Amino acid sequence: MAARAQRGGRAAAVAAALLAGALLALGQAAVAAAEGAAAASPHRRFEYKYSFKGPHLVQADGTVPFWAHTGNAIPSADQIRITTSLKSQRGSVWTKNKSIFEYWEIEVTFRVTGRGRIGADGLAIWFTEEQGLEGPVFGAADKWNGVGIFFDSFDNDGKKNNPGVIVVGNNGKLLYDHQNDGSTQALASCQRDFRNKPYPVRAKITYYQKTLTVLINNGFTPDKDDYEFCAKVEDMVLPSQGYFGISAATGGLADDHDVLSFLTFQLTEPGKEVPTPDAEIPQKDKEKYQEEFEHFQQELDKKKEEFQKEHPDVQGQPADGFFETVSDRELRQIFEGQNRIHLEIKQLNRQLDMILDEQRRYVSAVTDEIAKRGAGVPDHQGQISQQEIDTVVKTQEEVLRQVNEMRSSVADMLRLVSGAQHPGSAAGVYETTQHFNDIKEHLHVVKRDIEHLVQRNMPSNEKSKCPDLPPFPSCLSTMHFFIFVAVQTVLFIGYIMYRSQQEAAAKKFF
Ligand SMILES: [Ca+2]
Ligand SMILES: [Ca+2]
């Protein structure tokens with residue numbers, strides 16, 4: 001029964017937790033909607049020349065369109081492996097062109113995986129004036145001008161704060177303090193374990209109105225928009241033009257550092273005109289880019305056709321999946337939020353059903369037990385009688401004994417109570433009686449002692465009698481004795497009278 005109650009309690013706790021979860025989901029949906037609304041404020045444009053994403057990431061010649069890769073980086077169809085999990089590897093990928101956006105947002109999806117409990121060294125996302133193609137800072141050049149967001153796996157300074165994320169700004173003169181994990185140079189940081197997660201880790205880095213914000217999805221959910229706040233740097237001045245890049249390095253310990261996508265968006269403040277890139281790019285470059293774009297487009301179309309031939313069942317165009325309008329996104333977020341709420345409520349319902357079921361089972365079990373006991377008496381009378389009667393008799397005896405004890409104690413109580421009520425009379429009588437009894441007893445003792453003495457002295461009879469009077473002298477008879485006494489008395493009285501007369505006569509002279 002206790003176990004049942006405990007289970008019931010646990011179920012109730014689970015239900016409460018689920019309710020809390022549902023409310024949380026509701027809150028998150030609201031927050032997501034609010035974020036969507038906030039993100040709608042600047043104009044946001046996807047910049048394909050500063051982005052990469054599978055599934056047809058690498059071209060036939062092994063390069064990634066619009067991106068340059070260096071070191072140990074290996075591009076493949078669906079990701080770029082910046083370093084493999086081998087010792088002392090360095091690799092990086094950089095945009096081929098300088099961006100000219102005043103403000104921007106990048107969404108990077110990556111995985112850091114390794115068999116060790118600790119990995120190294122980490123991964124860095126860059127926006128710098130020059131490409132840092134080769135160097136010691138997570139596989140990229142030191143003394144950069146711009147900003148680096150470092151996902152530092154290895155705890156060089158032993159402060160137990162890694163894996164962590166730090167934002168380090170540099171004007172092109174600072175040497176990175178690798179031994180202290182850049183702790184003195186960090187503009188902002190947060191502690192996040194981004195290694196070996198079930199889903200790819202997502203980082204959303206926004207530079208808007210001189211504020212750099214880093215949001216992270218820690219790879220626990222596949223939800224693209226489930227970001228947590230990590231770090232914020234205000235009044236940050238970055239070069240007006242720069243390269244986006246991502247780099248990684250391994251040391252004595254090694255992780256695979258894989259980048260699945262790097263999406264760049266240009267942000268324009270509301271009211272400001274969206275700059276037309278065509279006007280700012282030289283004609284020659286423009287033609288080249290156009291050619292590159294067409295080539296890429298053709299490749300893409302070809303791949304799409306191939307894909308559709310290979311998978312005739314699949315409808316639609318998978319490559320268009322990540323283009324969506326703001327309203328579409330909001331609708332989707334609301335829909336997903338509602339879906340989650342629906343799921344949570346369903347789960348709650350299930351839990352409640354379980355609790356009810358358990359209660360019903362419990363009640364029926366109790367009823368059965370009672371019924372069984374009621375019906376059991378006539379069926380097993382012969383078996384039960386002896387045992388039960390014995391038990392009953394014993395119990396009754398026990399009860400009687402208890403009652404007697406109680407009665408005696410009650411009597412004592414009563415006496416005490418009455419004694420307390422009439423302290424003078426009752427106690428006095430009691431004491432007096434006691435006293436008399438004592439006296440009586442003492443008398444008895446005295447009597448016994450006397451008898452004992454008498455019995456002991458029985459043999460010597462003579463001693464107990466008074467001694468014999470000595471024989472009167474023959475010269476004096478009893479008569480003579482009395483006469484003598486009478487004469488003496490008369491004489492004495494005469495003398496007394498004479499003396500009193502003498503004293504009275506003497507008083508007359510004074
Ligand atoms: Ca480190
Ligand atoms: Ca550290």
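Both counts, for ligands and for their atoms, begin at 1 and track the order of listing. Keep in mind that what you see is a predicted model, and the values were worked out from it rather than measured.
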* Asked: Is it true that Glu305 and Lys309 make a salt bridge, defined as a side-chain N closer than 4.0 Å to a carboxylate O?
  -> no
* To do: Give the name of the N/O/S atom in Asp181 that lies closest to the Ca ion (ligand 2).
  => OD2
* For Tyr243 and Trp144, run ring-ring contact (aromatic ring centres under 6.0 Å, His included): C-alpha distance rounded to whole Å, both residues' side-chain angles, the deciding distance at 0.1 Å, then the answer. => CA-CA 11 Å; Tyr243 294 90; Trp144 67 95; over 10 Å; no
* Above 12 or not: heavy atoms from other molecules or residues under 6.0 Å from NZ of Lys143? -> no
* Structure fact -> The angle formed at the Ca ion (ligand 1) by O of Phe154 and OD1 of Asp152 is about (to 10 degrees) 80°
* **Check ion pair Arg332-Glu330 (N to O, under 4.0 angstrom)** => no
* To do: Determine whether the aromatic ring centres of Trp104 and Phe127 lie less than 6.0 Å apart.
  => yes
* Quick check: does Asn162 have an N/O/S atom under 3.0 Å of the Ca ion (ligand 1)? -> no
* To do: Give the atom name of whichever N/O/S atom in Asp157 sits closest to the Ca ion (ligand 2).
  => OD1
* Structure fact -> For Asp155, the N, O or S atom at the shortest distance from the Ca ion (ligand 2) is OD1
* Asked: With a cut-off of 3.0 Å, does Asn161 place any N/O/S atom under that distance from the Ca ion (ligand 2)?
  -> yes
* Structure fact -> Which of Thr95, Val108, Ile106 passes side-chain contact (heavy atoms from CB on, under 4.5 Å) with Ile246? It is Val108
* Asked: Is Ser183 close enough to the Ca ion (ligand 2) to have an N, O or S atom under 3.0 Å?
  -> no
